[in-house]
Amino acid sequence: MVQAKKIVEEVSGWLRVYDDGSVDRTWTGPPDVKFMAEPVLPHHEFVDGVATHDVENSGKLRARIYLPEKNPDEENVKFPILLHFHGGGFCISQADWYMYYNMYTRMARSARVICVSVYLHLAPDHRLPTAIDDGYSALLWLSSLAKGESHEPWLNENADFNRVFLIGDSSGGNIVHEVAARAGKIDLSPLRLAGAIPIHPGYVRSERSKSELEQPQSPFLTLDMVDKFLSLALPLGCNKDHPITCPMGQAAPPLEKLNLPPLLLCIAEKDLILDTEMEYYEALKKANKDVELLTSPGMGHSFYLNKIAVDNDPNTAAQTTGLIAGITEFVNKH
């Protein structure tokens, strides 16, 4: 008689971990939102001004490239690169999910940038710092392209390696900080890391913040998701005061000693983890780092990835447009 597997950990709708160590990430929440977590195939032809291409480097690194179609006056233009790290609490989601496809095709088209989105290894199969290693490997790969040590036609022919920016949603924002900190210790030239853009980064600490206790929970972030995802993702025996989730905390390397590029920290007024994101901002300012703040009034965590809200709520649509405009302005400045 075959014994049924038992669920030992579950994050409602998103993930189930079984007693044999296997993980099921099949979406079991409301069917009407399932489309946002479904993969979009790459297309080499331009669709609404953007083409997409998946690359794999030595079987280790996978990434999706979003290339904007050149306008007639851009024939000799090289586009900045946004190196993107997706969110999902380090445990779920993929670079080819529709929610990212929808956002980053728009970003490539509007900001006139090439987006390179990394397929990150997921916890609990691959606990941290594996996702950080993936992000850093992607940056080193871009550096190898800039040096002519490897070749990717879409990038070598169209990218400006002197203007590379790190960008990440939610837990991807944590990866932005960690990769930027590692990059500050080495010479990437001729690649230049021009900036870093953490969007609603997953910064927390062991003690609940005021916003965690008072702000409304959203489909993209609940306290249960924060706690369970991080318990599955952080190195065994570690808590939320770990440097990856609390880079402004006592256990983290002093921010003053980090060689960081200019930062644009994007926050949402109704984000569950707003207070700890602001603690990070204040710590950066105290450490005399070059950091700007972009606030989305009235919005919750990762609001811009929710296509249903963007399509149906004029305020969410306006704030998404404002977020893209703010990121575009930051990129154009650096």
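For clarity, every value in this text was computed on a predicted model and none was experimentally measured.
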### Message
For Lys228, is there an ion pair with Glu10 - N to carboxylate O distance below 4.0 angstrom?
### Response
no
### Query
Aromatic ring centroids of His84 and Tyr100 under 6.0 Å?
yes
### Query
Any Lys/Arg nitrogen of Asp48 or Arg106 sitting under 4.0 Å from an Asp/Glu carboxylate oxygen of the other?
no
### Task
Please determine, by modelled atom types, if His301 and Ser170 share a side-chain donor-acceptor pair under 3.5 angstrom.
yes
### Message
Check whether Asn158 reaches the backbone of Trp154 with its side chain - one donor and one acceptor, N or O, closer than 3.5 Å.
### Response
yes
### Query
Closest approach of Val179 and Gly135, non-hydrogen atoms and distance?
CG2-C, 3.8 Å
### Message
Would you say the ring centers of His177 and Tyr280 fall short of 6.0 Å from each other?
### Response
yes
### Query
Do Ser206 and Asp241 have side-chain N/O donor and acceptor atoms under 3.5 Å apart?
yes
### Query
Is Phe165 linked to Ile199 within one hydrophobic cluster, defined over Ile, Leu, Val, Met, Phe, Trp and Tyr using a side-chain heavy-atom separation of less than 4.5 Å?
yes
### Task
Flag yes if Val118 and Tyr104 sit in one hydrophobic cluster, no otherwise; membership is Ile, Leu, Val, Met, Phe, Trp, Tyr, and two members link when side-chain heavy atoms are under 4.5 Å apart.
no
### Task
Flag yes if Leu191 and Leu61 sit in one hydrophobic cluster, no otherwise; membership is Ile, Leu, Val, Met, Phe, Trp, Tyr, and two members link when side-chain heavy atoms are under 4.5 Å apart.
yes
### Message
Assess whether a salt bridge exists between Arg182 and Asp133, defined as any Lys/Arg side-chain N lying under 4.0 Å from an Asp/Glu carboxylate O.
### Response
yes
### Query
Distance only, no hydrogens: is a donor on one side chain within 3.5 Å (strictly under) of an acceptor on the other, for Asp224 and Thr222?
no
### Task
Indicate yes or no: does Asp96 engage Arg62 in a salt bridge with an N to O separation below 4.0 Å.
no
### Query
In the single-linkage hydrophobic clustering (I, L, V, M, F, W, Y; side-chain heavy atoms under 4.5 Å), do Trp141 and Ile167 co-cluster?
no
#### Entry: Flag, side chain of Glu74 to backbone of Asn71, donor-acceptor distance under 3.5 Å
yes
### Query
Using the benzene-type ring in the case of Trp, are the ring centres of Tyr101 and His43 under 6.0 Å apart?
yes
### Query
Going through the distances and angles, do Leu142 and Lys147 end up as a side-chain contact (heavy atoms from CB on, under 4.5 Å)?
CA-CA 9 Å; Leu142 292 181; Lys147 290 173 183 170; over 6 Å; no
### Query
At their closest point, which heavy atom of Tyr66 faces which heavy atom of Ala95, and how far apart are they?
OH-O, 3.6 Å
#### Entry: For the student: nearest non-hydrogen atoms of Thr316 and Ala309, plus distance
CB-O, 3.7 Å
### Task
Look only at the side chain of Ser171 and the backbone of Gly202, and say whether a donor-acceptor pair between them is shorter than 3.5 Å.
no
### Message
Salt bridge or not between Arg205 and Glu279? Use side-chain N to carboxylate O under 4.0 Å.
### Response
yes
### Task
Please determine which of Leu193, Ile114, Leu139 meets the side chain to side chain contact (heavy atoms under 4.5 Å, CB included) test together with Leu83.
Leu139
### Task
Please examine the side chains of Phe90 and Arg127, heavy atoms only from C-beta on, and report whether any two atoms are closer than 4.5 Å.
no
### Task
Consider only side-chain heavy atoms of I, L, V, M, F, W and Y, link residues closer than 4.5 Å, and tell whether Tyr136 and Val164 are in one cluster.
yes
### Message
Strictly below 4.0 Å, N to O, side chains only: are Arg64 and Asp54 in salt-bridge contact?
### Response
yes
### Task
Would you check if the distance from the ring center of Tyr304 to the ring center of His200 is below 6.0 Å?
yes
### Query
Would a distance-only check, ignoring hydrogens and angles, find a side-chain to backbone donor-acceptor pair under 3.5 Å from Glu212 to Ser209?
yes
### Message
For a quick test of reading the model, state the closest non-hydrogen atom pair linking Thr276 to Met248 and the distance between them.
### Response
O-CE, 3.4 Å
### Query
So does Lys5 have more than 12 non-hydrogen atoms from other groups sitting under 6.0 Å from NZ?
yes
### Message
Regarding Glu69 and Arg112, does a basic nitrogen lie under 4.0 Å from an acidic carboxylate oxygen?
### Response
no
### Message
Testing the basics here: between Met107 and Val113, what is the closest heavy-atom pair and its distance to 0.1 Å?
### Response
O-CG2, 3.8 Å
#### Entry: Pair Arg25 + Asp125: basic N to acidic O under 4.0 Å
yes
#### Entry: Test log, rule side-chain contact (heavy atoms from CB on, under 4.5 Å), inputs Val291 and Leu293
CA-CA 7 Å; Val291 57; Leu293 199 62; over 6 Å; no
### Message
I need the minimum non-hydrogen distance between Phe229 and Gly89, along with the two atoms involved.
### Response
CB-O, 3.7 Å
### Message
Can you confirm whether Gln250 is buried at CD, in the sense that more than 12 heavy atoms of other residues, nucleotides or ligands lie under 6.0 Å from that atom?
### Response
no
